[in-house]
Each structure stands twice: as C-alpha cells, then as structure tokens.
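Lettering of chains follows the sequences in order, A, B, ..., and the numbering in each one begins at 1.
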Amino acid sequence: MQLQHQIKLAAFDALQKMYQLQPEDISVTINLTKSDFEGDYTIILFNLLKPTKEKPDILGHKLGSWLMENYANLFSSYNLIKGFLNFTIQDHWFTDFLAKNFDDTNYLNEPRNGKRVMVEYSSPNTNKPLHLGHLRNNFLGLSAAALLDAAGYDVVKTCIVNDRGIHICKSMLAWMLMGNNETPESSGMKGDHFVGKYYVLFNDIYKKEVAQLIADGHTKETSEKEAPILKAATQMLQDWEAGQPQIINLWKKMNEWVYEGFDITYKRIGSSFDKIYYESNTYLLGKEFVEAGLSQNIFYKKEDNSIWADLSAEGLDEKIVQRRDGTSVYITQDLGLVADKYNEYHCDKSIYVIADEQNYHMKVLKALATRLQLPKADGIYHLSYGMVELPSGKMKSREGTVVDADDIVDEMIQIAATKTAALGKVNDFSSDELEKLYETIGLGALKFFLLRVDPKKRIIFNPEESIDFHGYTGPFIQYTYARIKSILRKNDIETSIDFPQMNTLLPLEKKLLILLEAFPSVVSEAAVQYDPAAICMALFNLAQQFNSFYNELSVLHAETIASKNFRLQLATLTAVVLKNGMQLLKIDMPERM
RNA sequence: UGGCUUAUAGUUUAAUGGAAAAAUGCUGCGCUUCGAACGCAGUGAUGAAAGUUCGAGUCUUUCUAAGCCAACCA
C-alpha cells in the first residue's frame, strides 16, 4: 500500500479514537514535507480544527504523540510548525519497499481492469502534410493511450481520416490544371508534401482570381464566392458525390499518395492505430438518429424543412442536424460514428483528442448523444488542447506558414547528432546504432517539449529558438538514464551477500526513495486526468534528484558492501521508473548516449 | 452580442483552498572521481479591483488583455 495512503489511514484512526470522528465526515490532507522543513510527510491541520474543536498546537501535539505511540512502526519523529504536522518516516519502511520492488521491471503498470477505452487522435486531412500542431495531437493521443494502458485499460487507438470534401478537391483541381501528370515519384517528393504543394497552388490561383475580380469592380464578398477556380472545385465535389468515375479515380490516386507520406511520418514518430475510419465512409451516417430524434420530440422541423435540436436547457444554442435539402451535417455524422464505434468495440469510455477550437462542437455532440440515449454517451470525453502557434500567429497550410512535421523532426534529429558528436561518448557505435540514437534523442526532445505543458494551454513555437536539450527536457532524463545504465554495467548487485539492515538512510537516499515510492500514485492520477504533463514533471524531479544523489554519493566506492548493494538497488529502480515513465510519454530511452 | 479558455520571476512553465516550485537566463563555484547533456550557491514572479474564508495564484463578481467558438463550413 502507498505510504501516503497508509499515513492517511493512521490519521483517520487517531481522529476516530481520540475524537470519535468518522473518516467520511472529515478530510485529511497529506503532502510531501517542503524541503525547508524537517520531515518526510506533512499532515495539514487547519481543516481539522473545527471538527476537533482544538487549537492547532494542541491538536498537533496530541495527534503527533498519539501517532508516535500507536504507529511506532511507521513514524520515527514529528515536529509541529504552525498548522503543519511534519512526520519523519521510519527508514526500514523505505528499505523494505526497495528490497521488495527494485527488480520489478513492470513497476508502474497496473493489472488489467477488464474495461475498454477508445482514444481517437491524429485525424488528418488528406490534402496536406502533417504539421507541428498534428504532432502535439499525436503525442497527446499516444500518451493518453499509454497512460490508460498502464492504468489497466484495454485501449483501442483510432483515427478518423478526413478524406473527402472541398479541401481535397482543391488539391485535385490544381493538379489537373498544373500537374502535367507529375507524380511523387517523378518529382522525388514525399506523397503528402506533393499533394500539399497543389493545395497551396490552388490558393495562389484563387487569390489571383479574386484580386482580378475585385479590380474589375466586384465586391470582395462576391469575388471570393465567384472565383472560377472555386466554382470548379465545388463542381468537382458534386461530381465526387455523384460517383463520377474519373473524379473518384483521381481522388483515390491522390489519397494514396498522401497515405504513403503519412505512413512514413507516423512510423517515424511511433504512431499507430488499431482502427482507421474514413470520412468518405462515415459522412452519410447518423440519418437514422434524425428520424429517431424527430419521433421522440428531441428534434423539431422548421418551416423550410431543416431539422434542429434546441439545447438551451444544457446552456447551448439551437443546433441544426439536417439541412433543408435533406443532407446531413457534420454533427450528424459524428453521432453516427459514435454509435458505430460502440457497436464494434463496446468501449466504456471514448476519448477524443481534438483541438480546443472544437470545444463547443464536442459539447453539442455529447449533449445530443445523451439525449438520444446512445450507449455510453456519458463516457465521451473531449481531451482538448491548445493550438501550436508561431510568434506571427496561427499556422496556415494554405498560406504555407506552417512548421512541417517532417522538417521539425529532421531538425531535432540533426541537432541531436551534432550534440552527440561534440561529446564523443559513443564513437564506437555503428552508423545504424548512431542513427537510432539520434532519432531517440531528437524525438525525445520534441515529444517532451510538446507534452510538458498543460494540454489546454496554447504553445507559441518560435522556430528561431531551437528546442532545448538542457534542464527540463527529454534528453536530460535520457541522459540520467544512460548514466544509471553505465553504473549498472560496471557494478553487479551481489545477491549472495545477505546484507544487514540499513540503520540510517542518508538524506539524498531517502529523498530518492520517497519519489520512487510515490510515483505510482502520480501515474494513476495522471491517467484519470489524461495529463502527460504531470508525468513529465514527476520524471524530471526524479531525474534531478538522482543526479544530486549521483554527484554526492558514489555507488562504486560506497563505504560498505551493504551500502553499495543498497545504492545499486536504488539506481536499478530509478532506471525502471525513468524508463517505464518515459514509455507513458512514448519516449524511448538510450542505454548509452 | 453571448459562451468558453488563458494571464505567475527577463523568458518558458509548476502548484488536490493550506509553507509560491522549477527550468532557462545572469553571477560565482565544482571534472586525475560510477558519464559536466551534470551538480552546488546566489538572483528574481501570482494582470487590476472587490468579495467569500482561520487561510485565495486557486472559489465568486467586475474590469483589462490575448485567443477560440456560436452563422444550413468540414
């Protein structure tokens, strides 16, 4: 059982015996003791003053001495500062913990809980390559999936590909007009970049046409609507929906090119899906819910035959669910997909990793799903995240002002290569090993950079300043791990020696143990919150604590065999937590770097 | 016009209503030692105002600033 929880139970016991207070009537806050004070864990007394009708110093000493007497096995001393009751924990509690867990390579992973959860992420459009914002989405999705897996869930990773619509028609049209049958092969371009190039080309032409129309005396509004190339694209979308073979074939060909490009990028960043949904298959879904909603009076029809839901009771507005021409809208497809997903996988929860610009849309989706009584509608959760922006503002593919995903990954790997070469610690590596190492470090830096911030905050990415490799970064943690592995290569734990009980833990040893012992609760909390940033912070604190320990205390030259063995166990478990913890962020760890 | 989000050292971020924590930067120090992508010391912050509370960066209200959403777009 977790130490913090054990202290809480002890406190409950004390309050029950001394004040006849029941656990459900009081809240007890237990924190790690701040480093300025003596002690390991702190009970905060303020919210206990009322129920016990005591003053802080009286309550503190009563509680402190009672716990010292009745839980002598757990506490070795206490001190009271204002309303903070600080306890020092018996050393043997930590040494027992370490002895029990140091060789558990599965530490941090909970047993299966029999529940299934779906995580939908990435969701690209097929008219352009992935950019830095997509990377944030992918890393969040991957990490949320890994967190839930560690928490014991069966995780289904899915992706909805936005493979139809006006945007892809724009790329297709530009290619028909300007492409001269060029292909990714003939141009030597990656497929997604190739198609993206024509998307930008379309917009160049479009802007010129609009400018010409305005020069001819039309208003801005009509010009933007009437530009010939836009009308052609709209016509093409209609031809696609009519199933015109020529258009369908071109559409398939261009999408294939894009998928080939995506596959390369996904493979590099370690992204994969158990199930991919295509919007071209799902865009007609959900019609049956319009009928069902009408017959249950959840929806209503206006005079022009459009169908609406009034969500003002949920604090939302009216929402259209079917246009007056009888075609369905985005939200209706989404409802259909909610039902399809459930029918196939029966997930208890469904996590959508989608940018915060769709907060309102996702609220509406959940509200409608709830009203229509779709199964597990309450399990819909929008994992919302802020956009990645440039100092100049939002990234726009059609303007060409994006940080391309492949480019930034390349750049990070290049920086990793330069830094590694400068240090010259892995000169014996083969070129394959080096390539793998650079990728591990470069991607580690990038993933950590995007995950360490609270998901809902915007990230302003400045391409002028390269992503750091020092301090609160992925490479710092990888470096700490490589250091530990280096120690472990040079020292074997002598299991034959039955070493004596440790009498006194040194402060640096104990601080490390406290973090290791508390780590599983950080993970379970992060899994509940879908919050990889909490893992980043805890891993960094642990790595930092280990480095302090490392600089001060030698493993190899420990004073006694027992101490050496103990420190080796400490290093071993630290390595396990760092590695398994980084795995929750889907960041790999190098044995050497 | 409504709704949502954000605002903490020069910069980037932390903080279940309970002791404002780090990173980076800057200043100084530590490699003949298990790896200096490291460590140690110093420096410096809660947008404004009111309220609730024993206690507010955190909750409520108002204001300011930035962003997003709401329109038969996907």
Side-chain angles (χ1 to χ4, degrees), chain A residues 27 29-31 33-37 42 44-47 49-50 56 81-84 86 125 162 164-168 279 283 302 304 306-308 315-325 327-331 333-334 355-361 363-364 384 386-387 389 393-394 416 419-420 422-423 425 441 445 449 452-454 456-460 462 465 468-480 482-491 525 529 533-534 536-537 540-541 543-544 546-558 564 567-568 571 592-593:
Chain A
S27 80
T29 310
I30 316 264
N31 287 341
T33 303
K34 299 272 169 191
S35 56
D36 310 345
F37 304 95
T42 298
I44 292 166
L45 300 175
F46 298 104
N47 44 11
L49 301 181
K50 238 178 223 166
I81 295 169
K82 294 186 194 167
F84 299 94
N86 305 320
N125 290 351
N162 193 357
R164 60 147 233 128
I166 190 78
H167 52 278
I168 181 69
E279 205 199 303
Y283 81 109
K302 288 193 177 175
D304 65 0
S306 58
I307 300 174
W308 296 73
L316 304 166
D317 296 323
E318 286 186 314
K319 180 72 192 179
I320 190 163
V321 293
Q322 185 174 299
R323 296 187 189 102
R324 64 172 167 238
D325 62 8
T327 57
S328 60
V329 294
Y330 194 58
I331 196 87
Q333 311 165 28
D334 275 355
D356 61 6
E357 58 187 358
Q358 295 208 30
N359 283 355
Y360 182 81
H361 176 85
K363 266 192 207 169
V364 171
S384 171
M387 305 286 234
E389 295 180 10
K394 217 168 163 175
K419 288 186 185 271
T420 305
L423 293 172
K425 290 170 182 169
I441 299 172
F449 176 81
R452 68 181 187 179
V453 184
D454 181 340
K456 66 175 175 292
K457 286 197 169 157
R458 274 191 305 159
I459 293 181
I460 312 278
N462 189 351
E465 302 165 10
D468 217 329
F469 281 56
H470 300 274
Y472 187 23
T473 67
F476 171 87
I477 294 167
Q478 291 172 324
Y479 173 79
T480 307
R483 245 182 169 183
I484 297 175
K485 289 312 237 187
S486 176
I487 296 176
L488 298 178
R489 274 192 298 273
K490 289 173 184 161
N491 302 276
E525 182 61 21
Q529 306 283 336
C536 290
M537 183 53 72
F540 175 67
N541 289 337
Q544 215 176 21
F546 183 86
N547 282 323
S548 295
F549 163 86
Y550 178 96
N551 269 277
E552 201 64 37
L553 302 171
S554 174
V555 174
L556 189 59
H557 302 109
K564 179 176 169 181
R567 287 178 190 171
L568 281 170
R592 291 173 57 194
M593 67 185 275

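- Rounding to the nearest 0.5 Å gives a distance of 12.0 Å between CZ of A:Arg592 and OG1 of A:Thr420.
- Across all strands shown, A:Met387 has no heavy atoms under 4.0 Å from either base or sugar-phosphate atoms.
- B:C63: Watson-Crick or G-U partner is B:G47, with both key distances under 3.5 Å.
- Using a 4.0 Å cut-off, some side-chain N or O of A:Ser548 falls inside it from OP1 or OP2 of B:C40.
- Taking only side-chain nitrogens and oxygens, A:Gln544 comes nearer than 4.0 Å to OP1 or OP2 of B:A23.
- Taking only side-chain nitrogens and oxygens, A:Tyr360 never comes nearer than 4.0 Å to OP1 or OP2 of B:C69.
- Closest to the side chain of A:Thr33, out of B:A74, B:A19, B:U12, is B:A19.
- Under the ring pair (Phe, Tyr, Trp, His ring centres under 6.0 Å) rule, A:Phe540 has a single partner from A:Tyr479, A:Phe546, A:Phe476, which is A:Phe476.
- Judged by atom type and distance alone, A:Asp356 does not reach the base of B:C4 through any side-chain donor-acceptor pair under 3.5 Å.
- Comparing atom distances between the A:Lys490 side chain and each of B:C69, B:A74, B:G35 picks out B:G35 as nearest.
- The side chain of A:Asn47 sits closest to B:G18 out of B:G18, B:C4, B:U24.
- Summarising the base pairing, B:A70 is matched to B:U1 through a Watson-Crick or G-U wobble pair whose two defining distances lie under 3.5 Å.
- Of all non-hydrogen atoms in A:Asp334 and A:His361, the two that sit nearest each other are OD2-NE2, 2.8 Å.
- Side-chain N/O atoms of A:Ser486 include one lying less than 4.0 angstrom from OP1 or OP2 on B:G35.
- Base-pair partner of B:C40: B:G28 (Watson-Crick or G-U wobble, both distances under 3.5 Å).
- A:Thr473 contributes no side-chain N or O that forms a donor-acceptor pair with the base of B:A37 under 3.5 Å.
- Closest contact between the side chain of A:Tyr479 and the listed nucleotides B:A19, B:C68, B:C38 involves B:C38.
- Taking the C1' atom of each, B:A20 and B:G35 are spaced 35 Å apart, rounded to whole Å.
- Between A:Met537 and A:Phe469, the residue whose closest nucleotide on RNA chain B is further toward the 5' end is A:Met537.
- B:U5 atom C1' lies 15 Å from atom CD1 of A:Ile459, rounded to whole Å.
- Between A:Lys457 and B:A7 there is a side-chain polar atom (N or O) within less than 4.0 angstrom of OP1 or OP2.
- Of the listed residues (A:Arg458, A:Arg452, A:Lys456), just one forms a salt bridge (charged side-chain N to carboxylate O under 4.0 Å, His left out) with A:Asp454, and that residue is A:Lys456.
- Annotation for A:Ser306 and A:Ile320: closest pair CB-CD1, 4.0 Å, computed over non-hydrogen atoms.
- B:A7 sits 14 Å from B:G57 when the P atoms are compared, rounded to a whole Å.
- A donor atom on one side chain and an acceptor atom on the other are found under 3.5 Å apart for A:Asn359 and A:Ser384.
- Side-chain atoms of A:Asp317 and base atoms of B:A71 include no donor and acceptor less than 3.5 Å apart.
- OP1 or OP2 of B:A36 sits under 4.0 Å from a side-chain N or O of A:Arg483.
- Nearest nucleotide to the A:Val453 side chain, out of B:C73, B:U13, B:C34: B:U13.
- Stacking here means ring centres nearer than 5.5 Å and ring planes tilted less than 30 degrees, and by that measure A:Tyr472 does not stack onto B:A23.
- Base pairing of B:C54: its partner is B:G18, meeting the Watson-Crick or G-U wobble criterion (both donor-acceptor distances under 3.5 Å).
- Using atom C1' as the reference point in both B:G17 and B:U52, the two lie 11 Å apart (nearest Å).
- Taking only side-chain nitrogens and oxygens, A:His470 comes nearer than 4.0 Å to OP1 or OP2 of B:C38.
- A gap of 15 Å separates the C1' atoms of B:G44 and B:U12, to the nearest Å.
- Stacking between A:Phe84 and B:A19 is shown: the ring centroid lies under 5.5 Å from the centre of the six-membered base ring, and the planes differ by under 30°.
- Using a 4.0 Å cut-off, no side-chain N or O of A:Lys425 falls inside it from OP1 or OP2 of B:A36.
- The partner of B:G35 is absent, by the rule that a Watson-Crick or G-U pair needs both atom distances under 3.5 Å.
- Across every non-hydrogen atom of A:Pro475 and A:Met593, the tightest pair is O-CE, 4.0 Å.
- Nearest-nucleotide assignment on RNA chain B puts the 5′-proximal partner with A:Lys34, out of A:Lys34 and A:Ile441.
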